[in-house]
Amino acid sequence: MSLLTVGTVAFDAIETPFGKTDRIIGGAATYIALASSYFSKPINMVSVIGDDFPEDALDTLRQHGANTNGIQVRPGEKSFFWSGRYHNDMNTRDTLATELNVLADFDPKVPEAYRDCEFLMLGNLTPAVQMAVIDQIPNRPKLVVLDTMNFWMDTALDELKTVIAKTDVLTINDEEARQLSGEYSLVKAAQSILKMGPRHLVIKKGEHGALLFNEQSVFFAPALPLEVVFDPTGAGDSFAGGFIGYLASTRDISFENMKRAIIFGSAMASFCVEKFGTERLIGLTQDEIDDRVQDFIDLVQFDISLVNN
Ligand code: AMP
């Protein structure tokens, strides 16, 4: 199934209450590609890096079924760098640094062979770049999913709204939904955001799960209560990767199937947070994924007989 993703391929430096990393491999497209690789291959990646980015990290992506030909390498330049510090609740974080570096003037080129994509995952990066990728796809994909963050709402809101209008599913967190809509209630926020164009909205609430809205319905998926949450970085991207990977593998974009996709996305996010960076997303087995999804099923299954039913 043809799945194309654009997003950052980057270095991150992360501080959590459990420890601190130097520069490690990160980036939205990195997490998306790894998470979606367990459902759908190949994953065609479009991004940009400097010549400081290690070849073995690209190898790991390729071993997971990613095509990395669409990742431009800029000699003598530095890769995107992000640094963040998590609060004690691990649900909120402060961005300490965002160095755009190669991203500052990135002009994406979607390779010819990627252009017939059916599933397009616009991972977090400059809205104008996300738009430039949409513009290079001649036939509208079956599904366009957009992930973004407050940084772009603060710095490029008009461009972001243009991209939002072109997408089918928008995924953002609860604070971002409030910022984008100006509404405190998430139900009102969803109503207002759905008027901006997308038919579906996923609001991620970290350890409190995720909500899927369309105009008529809402579905809630919990997050798995985990013994260890080590590093939430990339959880949103892993969620998005699992979500679109599952939809691409089933080719079914109904609301009912999106409910299942949300559970697969949540399962991938739950793996991601168990170790620093991308470590836990590398080399997962099908049994591990199946067991994790079963944990989600068990978590929310209950029997009730209502007197009047
Ligand atoms: P998440 O925790 O899912 O929101 O994603 C974290 C990843 O997003 C990190 O690996 C960062 O490299 C990347 N990231 C952070 N800020 C930005 C930004 N402004 N644009 C694109 N990617 C970003």
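Keep in mind it's a predicted model, so treat the numbers as computed, not measured. Atoms within each ligand, like the ligands themselves, are counted from 1 in listed order. Residue indices begin at 1 and follow the sequence shown.
Protein heavy atom nearest atom 21 (C) of ligand 1, with residue, atom name and distance: N124 O, 3.0 Å. Looking only at protein heavy atoms, the nearest one to atom 20 (N) of ligand 1 is W152 NE1, 3.2 Å. Among protein heavy atoms, the minimum distance from atom 5 (O) of ligand 1 is reached at D237 OD2, 2.7 Å.
The closest approach between Y31 and ligand 1 falls below 4.0 Å for a heavy atom of the residue. Under a 4.0 angstrom heavy-atom cut-off, F11 registers as lying outside contact with ligand 1. Distances from ligand 1 to the non-hydrogen atoms of F80 include at least one value under 4.0 Å.
Remark: the D174 side chain and the H208 side chain contain no N/O donor-acceptor pair separated by less than 3.5 Å. With hydrogens and angles left out, the side-chain atoms of N124 and D147 include no donor and acceptor closer than 3.5 Å.
Less than 6.0 angstrom separates the ring centroid of F11 from the ring centroid of F53.
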- [ ] Step by step, work out the ring-ring contact (aromatic ring centres under 6.0 Å, His included) result for F243 and F264.
- [x] CA-CA 6 Å; F243 177 78; F264 282 99; over 10 Å; no
TODO: Could you give me the CA-CA distance, side-chain angles and deciding distance for F106 and L125, then say whether side chain to side chain contact (heavy atoms under 4.5 Å, CB included) is met?
DONE: CA-CA 10 Å; F106 177 39; L125 89 178; 4.3 Å; yes
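Between D12 and ligand 1, at least one N/O pair is under 3.5 Å apart. Residue G27 places at least one N or O, backbone or side chain, under 3.5 Å from an N or O of ligand 1. The shortest N or O to N or O distance between G234 and ligand 1 is under 3.5 Å.
Residue contacts with ligand 1 for T8 involve side-chain atoms from C-beta outward but no N, CA, C or O (heavy atoms, distance under 4.0 Å). Looking at R93 against ligand 1, only its side chain comes within 4.0 Å, counting heavy atoms. By the criterion of a heavy-atom distance under 4.0 Å, neither the backbone nor the side chain of S238 is placed next to ligand 1.
Within the cation-pi definition used here (under 6.0 Å to the ring centroid, within 45° of the axis), R292 qualifies as a partner of F271.
Using a 4.0 Å cut-off to heavy atoms of F151, the atoms of ligand 1 that qualify are 19 (N). Listed by number with element, the atoms of ligand 1 under 4.0 Å from a non-hydrogen atom of G26 are 10 (O). Shown in contact with G236 at under 4.0 Å from a heavy atom are these atoms of ligand 1, numbered in order with element: 3 (O).
In K78, the NZ atom is not crowded: 12 or fewer heavy atoms of neighbouring residues, nucleotides or ligands sit closer than 6.0 Å. Annotation for R85: atom CZ does not count as buried by contact number, only 12 or fewer foreign heavy atoms lying within 6.0 Å.
Residues satisfying the salt bridge (Lys or Arg N to Asp or Glu O under 4.0 Å) test with R178, not counting sequence neighbours, are E175.
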Donor-acceptor list for residues 183-195 side chains, cut-off 3.5 Å, not counting sequence neighbours:
| unit_1 | atom_1 | unit_2 | atom_2 | d |
| --- | --- | --- | --- | --- |
| S185 | OG | V187 | N | 3.2 |
| S185 | OG | K188 | N | 3.1 |

